[in-house]
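Each ligand, and each atom within it, is numbered from 1 in the order the structure gives. Being a predicted model, the structure only gives us computed values, none of them experimental.
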Amino acid sequence: MSVDKAKEDHAVGIKREYIIHGMDCGSCALTIENHLKSQPAVKQVSVNFSSGKMTIEHDGSVEEIIKEVSKAGYTASLVSRKQPVEAKKDKSGTNRVVLSGVLLLFGFIGSYTGVSEALMNVLYAAAILIGGYKPARSAYYAVKSRSLDMNVLMTAAVLGAAAIGEWLEGATVVWLFALGNVLQERSIEKTRNSIRSLIDLTPPEAWVKSGQHLLRKPVEQISVGHVIVVKPGDRIPLDGEVISGESSINQAPITGESIPVDKQPGDLVYAGTINEHGSLEIKVTKLVEDITISKIIHLVEEAQEQKAPTEVFADKFARIYTPIIFILALGVMLFPPLLFEASWNDWLYRGLELLVVACPCALVISTPVAIVSAIGNAARNGILIKGGAFLEVAGRMTAIAFDKTGTLTEGKVSVSQVIPAGITTETELLSIAFTLEEYSAHPIAKAVADFAKDRGLRARRGENFRNMVGKGVSASIDGQEYFAGNLKLFQELNSPIGDMESQIGVLRQEGHTIVIVGTREELLGVIAVADRIRNSSVKAMNDLRSVGINQVVMLTGDHEGSARKVAALTGVNRYFADLLPENKVNAIKQMQAENQVVAMVGDGINDAPALATANLGIAMGGAGSDTAMESADIVLMADNLEKLPHTIKLSRKALQIINQNIWFSLIIKAAALILIFPDLLTLWIAVISDTGAALIVILNSMRLLKLKSDETTS
Ligand code: ADP
Ligand code: MG
């Protein structure tokens, strides 16, 4: 260990992340958290069951923390990029289950071959010790931190069974419990790793161009601005901009799109995606720690830690249910024998059964594993869902509203006609429009500016730039105030439209969007722009209808004519035109008043209020825009709507599975409770009903990992 490293390990109050292995129930997380909180070196700690991660701020060394965690019966390892988190497989759990099972089996066989009972009990006791050592240790720490988790309940049940001489039962309980835990943990790890493994897709080294030479360098040593070369068939090592070469790139790891995307100089490429053919020179735009794919992983892990409303409910239920049953169990053990002189053994046994039934494991696990699986599936399809709560809303959504420009259409607006008025020349009209639009981020503005630039025009010197959202822009040139915008703007200005009115009417009927340029007194001309509808929008609208979303609505600030045309071409069934941003908000509210759960899909440039009003805000093109990725509730990484239907199908499936899980675990518990008193339950059946149910719930949830994006709905 270098001096630096040693120093870092003992630094004061550093925040670190660890992966915790061995947690198979929400309460385990709580036990670890409470135990570490009691350590003086620990400043702050939070352990998350869903992601299997612990964030902790502590003094002292990493080893000490790992040791404390292992005391409570779990294993911790520090998260670091250089050593992939694929932790050393801890085989000890499995070994203990096997060994304990073998002893149990010998004991059981022994009982048929007339071996002395004492010897059998020794075998059972050994099986209990080996299989139950770990849960007992965890139970000790749970009791110390005042939580009543399943380890405590199971350990108490086993000790009780031993006390009343039911050694075989005790050993069976231990073995089934340990086996269940190992199986549960394996499955949960699988869901947790489905996201973590994404980062393995990025190559650790890249070819860096230096003069005429290519040097192979670790990505950590490459900084922004370096030029790297990616050969055909290789994965892109860092995010960057293509500066020479052409190729098509399979972006599935980021966007989930199956069809490769053509890339030319000027286009952005992302680490982890695959260069299909053609060598590319790429100027690096992000350091390895900032690349899009690691941002996705980070956001997804954060999302998986957010508790969904259903989960909060299940946790609350468990917090009440467990103590009640626990107290009931004590009552059952003590009162009948004390008050009615009933048999101690019978009632102690029933009480022990109740202890086992008090474990709320399946219920507690019913939601988080489903959510982690669904969010994981989504991420692998290029859909970022920012938390279980949003997944639930997406599953309940009934109406969806789209922004037109840049969402349903490509947003790659281009100028189709330039019509100067009166004595104005085309050059004059364009250079004024250019000057005004240069500072606007609107797709229309970009189109006008690009068109003028392509004609070699230069912008004039403007001042007092103003942006009138949903209407247009203005600026002063040589003391004169100019405007560029829609008809609404010029009507408000009361400026004369004159003989251009009929021309404007015709252009609008044809579906063009028009930019009128002029002052308050005089019209300089009209620029007609047109946008192309995305092919993918048409398909997405069809798919949305086929998954049963009947309210597919378009909201646009553009005029009626253009709105009608886009509506007809894409197949949305309702549209609102001529909307200012605040009207978009009202349109959403109107739909909500009609009892719809409304999602809004927009670009975020001027739709932010509407996105915030909707029950669910969805952004697209997340790969190219950090703000889109951070602000929306759900982000489609690809710059199209292709994955929207899958998002809805997946969310609904998740809700359905969560529901199944909750009902299943409640019914199993109720059945077990009912069976205790007619004496139909045995301890080992009680354990199966708990551990087995938890396992079934987990496996049911894991179906969400496998839901295919092109699968037809059932
Ligand atoms: P959309 O809902 O189609 O995204 P916006 O709210 O972005 O519409 O804009 C509404 C209308 O306002 C546009 O159709 C256009 O007529 C006008 N407009 C907005 N910004 C500009 C601009 N920078 N230049 C010219 N016209 C603009
Ligand atoms: Mg817009």
Side-chain angles (χ1 to χ4, degrees), residues 401-416 418 429-430 432-452 459 462 465-475 482-493 497 504 507-508 511-518 523-534 537 553-567 569-570 572 574-588 600-611 614 619-621 628:
F402 294 92
D403 175 44
K404 179 182 73 90
T405 316
T407 303
L408 290 178
T409 68
E410 281 182 342
K412 288 192 192 113
V413 187
S414 58
V415 172
S416 46
V418 181
L429 173 62
L430 276 174
I432 286 176
F434 184 16
T435 313
L436 268 56
E437 296 285 26
E438 203 182 18
Y439 287 88
S440 166
H442 200 277
I444 294 179
K446 276 202 65 186
V448 172
D450 288 348
F451 187 80
F465 289 95
R466 268 204 308 150
N467 187 19
M468 288 155 285
V469 182
K471 291 181 210 153
V473 288
S474 77
Y482 289 93
F483 297 86
N486 54 18
L487 194 59
K488 199 188 293 163
L489 174 67
F490 280 81
Q491 278 160 353
E492 276 172 27
L493 292 172
I497 310 285
I504 293 174
L507 286 169
R508 286 172 61 140
H512 288 103
T513 301
I514 48 166
V515 181
I516 306 175
V517 185
L523 195 74
L524 294 178
V526 172
I527 300 172
V529 298
D531 198 355
R532 273 219 315 257
I533 290 170
R534 298 169 191 268
S537 305
V553 181
M554 176 174 86
L555 306 179
T556 180
D558 211 343
H559 62 84
E560 164 82 24
S562 141
R564 189 177 343 107
K565 190 171 161 195
V566 175
L569 289 174
T570 51
V572 301
R574 190 172 172 189
Y575 65 86
F576 297 84
D578 280 313
L579 298 178
L580 292 176
E582 60 264 32
N583 304 132
K584 289 190 184 176
V585 170
N586 291 336
I588 303 263
M600 164 89 197
V601 191
D603 56 14
I605 295 177
N606 47 21
D607 303 323
L611 284 170
M620 57 183 238

Task: Those atoms of ligand 1 less than 4.0 Å from some heavy atom in Asp403 - done: 1 (P), 2 (O), 4 (O)
- [ ] Would you mind running through ligand 1 and noting each atom that sits below 4.0 Å from a heavy atom of Asn486?
- [x] 11 (C), 12 (O), 16 (O), 17 (C)
Open item on the list: Yes or no: does Lys584 have any heavy atom under 4.0 Å from an atom of ligand 1?
Closed with: yes
- [ ] Measure across Glu410 and Asp531 and return the closest heavy-atom pair with its distance rounded to 0.1 Å.
- [x] N-OD1, 3.7 Å
TODO: Kindly identify the option in Met554, His559, Glu437 whose heavy atom sits closest to atom 23 (N) of ligand 1.
DONE: Glu437
Open item on the list: I need the minimum non-hydrogen distance between Ile527 and Ala433, along with the two atoms involved.
Closed with: CD1-CB, 3.7 Å
- [ ] Return the minimal non-hydrogen interatomic distance between Ala459 and Glu438, and the atom names on each side.
- [x] CB-OE1, 3.5 Å
Task: Option whose closest heavy atom lies nearest to atom 19 (C) of ligand 1, chosen from Lys404, Lys488, Lys446, His442 - done: His442
- [ ] Using a 4.0 Å heavy-atom threshold (strictly under), name the region of Lys471 that reaches ligand 1: side chain, backbone, both or neither.
- [x] backbone
TODO: Considering the heavy atoms of Ser440, write down every atom of ligand 1 situated less than 4.0 Å from one of them.
DONE: 23 (N)
Open item on the list: Please classify the Asp558 to ligand 1 contact at 4.0 Å (heavy-atom distances, strictly less than): side chain, backbone, both or neither.
Closed with: both
Task: Whether Lys584 side chain and Pro609 backbone form a donor-acceptor pair below 3.5 Å - done: no
Task: From Ala433, Gly472, Ala447 - option closest to atom 27 (C) of ligand 1 by heavy atom - done: Gly472
Task: Intermediate values then yes/no, side-chain contact (heavy atoms from CB on, under 4.5 Å), Phe490 and Ile497 - done: CA-CA 8 Å; Phe490 280 81; Ile497 310 285; 3.9 Å; yes
- [ ] With heavy atoms of Gly485 as the reference, note each atom of ligand 1 found under 4.0 Å away.
- [x] 25 (C), 26 (N)
Open item on the list: Counting only nitrogen or oxygen atoms and a 3.5 angstrom limit, does Thr513 reach ligand 1?
Closed with: no
- [ ] Heavy-atom distances under 4.0 Å are what count here, so tell me which part of Val448 touches ligand 1: side chain, backbone, both or neither.
- [x] neither
TODO: Would you name the heavy atoms of Gly462 and Thr435 that are closest together and state the gap between them?
DONE: N-CG2, 4.0 Å
Open item on the list: Under 4.0 Å from a heavy atom of Val473: which atoms of ligand 1 are those, numbered in the order shown and with their elements?
Closed with: 23 (N)
Open item on the list: Applying a heavy-atom cut-off of 4.0 Å, say which part of Ile444 lies close to ligand 1: side chain, backbone, both or neither.
Closed with: side chain
- [ ] Apply the test side-chain hydrogen bond (donor to acceptor under 3.5 Å, both in side chains) to residues Asn467 and Ser440: give CA-CA distance (whole Å), side-chain angles for both, the deciding distance (0.1 Å), then the verdict.
- [x] CA-CA 7 Å; Asn467 187 19; Ser440 166; 4.7 Å; no
Task: Note: Arg564-Glu560 ion pair, threshold 4.0 Å (strictly below) - done: yes
Open item on the list: On a heavy-atom basis, I'd like to know which of Gly557, Ala445, Gly470 is closest to atom 12 (O) of ligand 1.
Closed with: Gly470
